[in-house]
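We number each residue from 1, following the sequence as shown. Below, each value reflects all heavy atoms present in this structure, side chains not excepted, and no hydrogens, waters or symmetry copies.
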Amino acid sequence: MAESKIGTSAIYRPGAGGIEGSPTALQMFHAHPLVMAMPHWHAQVEVNYVMRGTVHYRMSDHEFRLNPGEMCLFWGGQPHQMDESSDDSLYAGAHLPLIYFFRLRLPISISSRLMKGETLLTSATDAADNENFARWFRYSKSGDAAKAQHAVDELLLRIERIALEPYSMTTSKTTVSLEGDQPHPNSSRSVARMCDFIAANFLQDIDSVDIARAADLHPKYAMNLFKRSTGMTLSKYVTLLRLSRAQAMLMSEGANVLQVAMDSGFGSISAFNKSFRHIAGMSPSDFRRDIRLVTTMPAAFRN
């Protein structure tokens, strides 16, 4: 692998106004991708389409490179890092909350494997994608609700079309080429309803009974269905949304770890520290120190 360019490039900085701080929002982008000094995570499925240049990603158990005309999908809930981005790179895409993802008519073989940490890769793109992704981004930022909704609708259809053409799923062990898999007959409405409720209430004191009731399901059935569909328990997904928000809040100047824990929906500082360490591999205080140190250091001195 080529030497990382983190030392000389602009650095991506998580923030309260970004995807980490708004884990239930669908956000589109069209920009030069910035390298990341550290892995980050968020509670959305990420769709990246490279128009120009190359980028390299490190996932929890595999890595891959995207060239012009290639697209990927992966679950952002796993810590991941873009550690290389060529000077001329340009990409577009979106961060797709689960309340949208589980309404897609995708094969179970895609949705379940993405949620388990695999990456979908495809080069079945064309010039129309360059125009469409750029237009969807413009519409999403236009302030016109009708245009923004049109962009979302077209984006979701484009993602569904991925399953109709050649693609592959990549893990640490192998890359398996797939084509022509049959779509799920119905998107999981029950999972989508649970995600809707969680998105609206994850900062509150909610449990599996509350979530199941919102979807008109028995708690045990709701827990089993969600785990089968996403590879996560209901409590883990709620925690991930809270951790995504907390990650962004820790970047605020003068952020207090105890206050971040409370404002992110955790009932105690010990629960927050344990959950944060589990996903980040370090305490919230150490994360705040390290990310601030790297992002404020002059580029010439970064390693």
Side-chain angles (χ1 to χ4, degrees), residues 1 4-6 9-12 14 18-20 22-23 25-36 39-98 100-101 104 106 110-111 113-115 117-138 140-141 151-152 154-163 165-171 175 244:
M1 187 182 70
S4 173
K5 295 185 178 181
I6 288 177
S9 300
I11 296 292
Y12 174 80
I19 55 171
E20 300 89 358
S22 303
L26 190 158
Q27 298 188 30
M28 298 188 188
F29 53 87
H30 182 273
H32 168 65
L34 301 179
V35 294
M36 299 173 181
H40 80 147
W41 63 90
H42 49 81
Q44 300 104 337
V45 171
E46 188 162 339
V47 184
N48 288 351
Y49 170 59
V50 174
M51 300 176 171
R52 189 176 66 224
T54 63
V55 295
H56 182 270
Y57 301 76
R58 290 186 183 276
M59 314 304 285
S60 58
D61 66 353
H62 63 282
E63 58 186 78
F64 61 94
R65 184 179 300 278
L66 286 186
N67 297 306
E70 296 180 335
M71 190 186 308
C72 71
L73 271 72
F74 60 84
W75 167 231
Q78 58 180 322
H80 57 279
Q81 178 183 17
M82 180 185 288
D83 65 343
E84 290 182 43
S85 174
S86 63
D87 293 340
D88 63 338
S89 62
L90 177 67
Y91 78 159
H95 297 98
L96 200 67
L98 294 190
Y100 290 93
F101 181 70
L104 291 172
L106 286 175
I110 288 181
S111 58
R113 293 173 70 176
L114 284 178
M115 298 310 299
E118 297 187 36
T119 298
L120 182 150
L121 301 172
T122 181
S123 57
T125 62
D126 53 41
D129 285 314
N130 286 20
E131 297 179 6
N132 288 335
F133 274 101
R135 176 168 48 80
W136 298 335
F137 175 74
R138 292 197 309 272
S140 71
K141 299 296 184 181
V152 170
E154 286 196 353
L155 170 68
L156 298 180
L157 285 171
R158 177 62 184 93
I159 295 172
E160 289 181 349
R161 182 158 64 87
I162 288 175
E165 298 175 323
Y167 63 91
S168 61
M169 302 296 294
T170 300
T171 69
T175 298
S244 182

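- Inspection of the Trp41 and Gln78 side chains reveals no N or O donor paired with an N or O acceptor under 3.5 Å.
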>> Is there a side chain to side chain contact (heavy atoms under 4.5 Å, CB included) between Met115 and Phe101? Walk through the geometry before answering.
In response: CA-CA 11 Å; Met115 298 310 299; Phe101 181 70; 4.2 Å; yes
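- Neither side chain, Gln81 nor His40, offers a donor N or O lying under 3.5 Å from an acceptor on the other.
- Between Val35 and Asp83, every side-chain heavy-atom pair lies at or beyond the 4.5 Å cut-off.
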> Does the pair His80 and Tyr57 meet the rule for a ring-ring contact (aromatic ring centres under 6.0 Å, His included), with working shown?
Replying inline: CA-CA 7 Å; His80 57 279; Tyr57 301 76; 8.0 Å; no
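- Checking Ser89 against His32 by side-chain atom types alone, a donor-acceptor pair falls below 3.5 Å.
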>> Could you go through Phe29 and Asn48, starting from their C-alpha distance and side-chain angles, then the distance that decides it, and tell me whether this counts as side chain to side chain contact (heavy atoms under 4.5 Å, CB included)?
In response: CA-CA 9 Å; Phe29 53 87; Asn48 288 351; 3.0 Å; yes
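- Looking at Glu131 and Arg135, no side-chain N of the basic residue comes within less than 4.0 Å of a carboxylate O on the acidic one, giving no salt bridge.
- Proximity of a side-chain donor or acceptor of Asn132 to a complementary backbone N or O of Ala128 within less than 3.5 Å is detected.
- For the pair Glu70 and Arg65, the salt-bridge criterion is not met [side-chain N within less than 4.0 Å of a carboxylate O].
- In this structure, His62 and Phe64 have parallel ring planes: the angle between them is below the 30° cut-off, well short of the 60° mark.
- With hydrogens and angles disregarded, no donor-acceptor distance shorter than 3.5 Å links the side chain of Thr122 to the backbone of Cys72.
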